[in-house]
*Asks:* 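Just dropping this structure here.
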Amino acid sequence: MTLTIRRVLGVSAVSDGHPRVLGQARLLDSPVRGIHVTESADLSGLLEGGELILSSGLSLTAALEPTRAFLDGLAAAGAAGVIFSFLSDAPEVKKCLEVAAATAQIPVILLDDRVRFVAVTETVHRLIYSAARGLSGLDAVSNFLSSTAASHLDLRELFSAIADMLDAPLVLEDSLSAVVIHQGLDPEQMRRFIHAPTASKNLGTGVRVVGDENWLVYPVIGHGRKVGQLVSTVGAGNPRASLGMQEVGASFGELLPHSSTDLALARQESLSTMVKDVRSGEIQGEKELLLHAAMLGVASVDLFVPIAINFKQRGSAVPLSTSLDLAAITATLQDTLRGSRYPAFACDSGANGVGIVLCLPSAADVEAALSAVHDGIGTALSAHGNERSWTMGVGTASHELGTTALKGLDEALRVAHSASTMDHSGAPYHRASDLGFRWLMQRLLDVEESRTYVHDQLAPFLDEPEYMDFIETYLQTNGSIAELSRALHLSRPSVYARLRRIEKVQGRELTDADTMTSLHLAVTLYRLGIRG
């Protein structure tokens with residue numbers, strides 16, 4: 001089987017980065033004969049033709065012509081295509097790359113999330129080797145499992161790579177026959193699999209009747225005992241193939257040192273990946289989405305509740321995006337949520353937050369369930385120290401999982417972000433209705449006039465944090481000098497001196513209602529992230 005760019009994009013080492021084809025999608029079936037990592041377009045004499053290029057885009061800028069020249073240089077050197085995985089956000093550079101990709105002579109792919117180039121290169125090398133030898137199915141899997149490329153993959157990556165090579169439905173279950181990861185099933189197969197009997201749980205190879213087909217069950221053996229099983233159509237009537245699948249099961253067992261916990265967390269991650277697939281457009285229909293959820297044990301759900309956790313740094317000049325290990329925090333929350341009374345799982349929800357989907361049956365007490373989630377999160381996050389504060393926002397619950405994934409999580413994140421500016425609020429969690437005018441002001445965050453307004457109202461205090469805190473506390477205390485003095489531990493003469501300076505800069509008295517309202521709006525926009 002010839003290796004193509006399209007097939008490479010389906011390999012987990014790449015697909016986990018959520019690839020987007022920026023240009024020349026019609027060339028995705030071009031053959032890949034090699035892979036090369038570079039930051040330079042000058043590849044004269046280095047390529048033999050047909051190589052897939054990996055680049056971090058370090059040499060790119062927001063200038064269009066140099067970007068076009070970079071892509072033209074790769075094409076001239078014989079590259080089959082290029083995949084970019086940026087080390088930083090660089091929105092202007094990415095926008096320029098998208099424009100240049102439209103007229104490029106090779107496919108241009110951008111990964112939304114960073115990937116490990118070593119995993120991509122070794123996986124592609126092995127696939128090229130297998131294709132060159134004419135290997136397919138279990139022959140390719142057997143060779144892959146003995147390669148160094150396989151040793152770099154985690155459980156989910158290994159599962160996806162093997163499913164790609166088998167080109168057949170593959171399901172990983174725990175010891176209770178609960179699905180952990182699945183791949184390659186069409187909607188009808190998922191529907192039949194969900195209703196198939198799960199009686200075959202013996203240590204040997206068993207048979208699962210799925211619709212009109214016989215699927216084989218292979219044990220996953222870890223540390224000398226059965227910890228789960230693989231279910232697939234591969235191996236029926238073929239003893240050699242059955243032995244190969246048993247080898248695959250043993251390989252998975254080696255990656256499960258804490259079998260039940262590892263598999264439970266893998267299921268949580270499968271649910272999280274399902275939401276990512278919805279948000280990226282890979283799963284579009286509600287019926288198909290519910291089938292995916294039912295495969296993973298989330299069935300008989302009446303209400304999906306979107307939740308977001310927003311984090312703020314306490315007393316530090318270090319930007320939160322550079323100090324917050326969201327991956328570690330998400331893993332901690334997944335571990336906590338897997339023990340929840342009702343199904344709940346964490347998922348990516350932005351640079352400063354984590355999303356959670358809470359799945360409730362019709363008889364559930366929503367407020368009690370939310371309180372339980374809040375308490376569990378508090379206990380879990382205490383292990384990460386108290387240098388960060390966190391706020392829990394709740395979006396509009398829906399009977400549709402797709403609506404929750406696409407709109408509800410975004411709403412919950414905006415709620416959590418707005419609520420994080422309400423330092424005086426003691427509520428455990430917030431909804432949009434709790435935020436008052438702050439919720440409406442979310443609509444102004446992307447309006448250019450908001451930046452001008454904040455500058456006009458608050459300059460020159462924007463570079464003086466103590467004055468920003470003073471103004472905000474003044475507004476919160478409704479101008480009470482006694483409360484302001486106590487809250488900031490300032491003497492009354494110091495309070496009056498600061499008030500006189502602010503009034504001099506503003507050119508009007510702070511006791512004026514319009515002035516207080518204008519300042520309140522400006523400070524709120526500032527706390528929500530607008531900088532003048």
Side-chain angles (χ1 to χ4, degrees), residues 5-6 8-9 14-28 30 37-43 52-77 79-117 120 276-282 284 319-322 324 326 348-353 355 406-407 409-410 413-414 417 442-452 454-455 525 528-532:
I5 298 175
R6 190 184 305 278
V8 170
L9 297 185
V14 178
S15 65
D16 285 350
H18 299 98
R20 290 188 292 131
V21 181
L22 300 184
Q24 305 306 323
R26 61 185 176 82
L27 299 177
L28 287 180
S30 300
V37 180
T38 186
E39 303 301 338
S40 170
D42 185 10
L43 298 176
L52 179 62
I53 304 300
L54 300 180
S55 175
S56 297
L58 294 177
S59 62
L60 298 184
T61 67
L64 183 57
E65 289 310 313
T67 302
R68 282 177 171 161
F70 181 88
L71 298 178
D72 289 344
L74 295 180
V82 57
I83 296 178
F84 288 97
S85 179
F86 280 67
L87 300 178
S88 58
D89 190 24
E92 295 302 321
V93 178
K94 292 179 180 179
K95 186 181 297 183
C96 179
L97 177 62
E98 187 168 2
V99 174
T103 57
Q105 302 172 55
I106 56 175
V108 180
I109 297 99
L110 175 63
L111 303 183
D112 285 344
D113 297 331
R114 287 180 61 186
V115 300
R116 295 179 295 175
F117 278 176
V120 177
K276 289 181 183 178
D277 289 343
V278 175
R279 292 171 70 87
S280 65
E282 293 182 36
Q284 298 180 349
L320 187 59
S321 59
T322 63
L324 186 64
L326 275 182
D348 182 25
S349 186
N352 291 342
L406 289 172
K407 298 180 180 179
L409 285 173
D410 289 340
L413 186 62
R414 292 196 299 271
H417 178 53
Q442 285 279 346
R443 302 293 183 182
L444 301 178
L445 296 184
D446 296 325
V447 177
E448 182 60 33
E449 286 82 355
S450 296
R451 189 181 303 276
T452 303
V454 169
H455 180 272
L525 285 170
L528 288 172
I530 294 293
R531 296 294 182 263

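Quick caveat: nothing in here was measured; it's all calculated off a predicted structure.
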*Asks:* Can you name the closest pair of heavy atoms from A25 and R6 and give their distance?
*Replies:*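 Closest approach of A25 to R6, heavy atoms only: O-NH2, 4.1 Å.
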
*Asks:* Go through the structure and list residues passing salt bridge (Lys or Arg N to Asp or Glu O under 4.0 Å) with E65, not counting sequence neighbours.
*Replies:*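 For E65 the salt bridge (Lys or Arg N to Asp or Glu O under 4.0 Å) partners, ignoring immediate neighbours, are R68.
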
*Asks:* Return the set of residues passing side-chain contact (heavy atoms from CB on, under 4.5 Å) with Q105 (not counting sequence neighbours), or none when no residue passes.
*Replies:*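 Checked Q105 against side-chain contact (heavy atoms from CB on, under 4.5 Å); matches are D72, A75.
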
*Asks:* Locate the shortest heavy-atom distance separating P107 from L28; write the atom from each residue and the value.
*Replies:*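 Result for this residue pair: CB-CD2, 4.0 Å.
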
*Asks:* Nearest 0.5 Å, please: how far is CZ in F84 from CD1 in I109?
*Replies:*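 Here the interatomic distance stands at 9.5 Å.
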
*Asks:* Just one of V21, L71, I83 clears the side chain to side chain contact (heavy atoms under 4.5 Å, CB included) bar with V108, so which one?
*Replies:*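 Between V108 and the candidates, side chain to side chain contact (heavy atoms under 4.5 Å, CB included) is satisfied uniquely by L71.
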
*Asks:* Going from CG on L60 to SG on C96, what distance comes out if it is rounded to the nearest 0.5 angstrom?
*Replies:*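 Here the interatomic distance stands at 8.0 Å.
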
*Asks:* Can you name the residues that form a side-chain contact (heavy atoms from CB on, under 4.5 Å) with S450, not counting sequence neighbours?
*Replies:*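 If we apply the side-chain contact (heavy atoms from CB on, under 4.5 Å) test to S450, skipping adjacent residues, the hits are L444, V447, L525, I530.
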
*Asks:* Can you tell me how far CD1 of I106 sits from OG of S30, rounded to the nearest 0.5 angstrom?
*Replies:*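 So the gap between those two atoms works out to 9.5 Å.
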
*Asks:* Kindly compute the distance separating CD (Q24) from CD1 (I5), expressed to the nearest 0.5 Å.
*Replies:*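 Answer rounded to 0.5 Å: 11.0 Å.
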
*Asks:* Of all residues at least two apart in sequence or in a different chain, which pass the side-chain contact (heavy atoms from CB on, under 4.5 Å) check with K94?
*Replies:*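 For K94 the side-chain contact (heavy atoms from CB on, under 4.5 Å) partners, ignoring immediate neighbours, are F86, D89, L110.
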
*Asks:* Over all heavy atoms of both residues, which pair between L413 and G353 is shortest? Give the atoms and the distance, please.
*Replies:*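 So the two residues come closest at CD1-CA, 4.4 Å.
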
*Asks:* Does S56 have any side-chain contact (heavy atoms from CB on, under 4.5 Å) partners at least two apart in sequence or in another chain, and if so, which?
*Replies:*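 Applying side-chain contact (heavy atoms from CB on, under 4.5 Å) to S56 gives E39, L58, L87, F117.
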
*Asks:* Got a second to check how far L52's CG is from L74's CG, nearest 0.5 Å?
*Replies:*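 One gets 10.5 Å once the value is rounded to the nearest 0.5 Å.
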
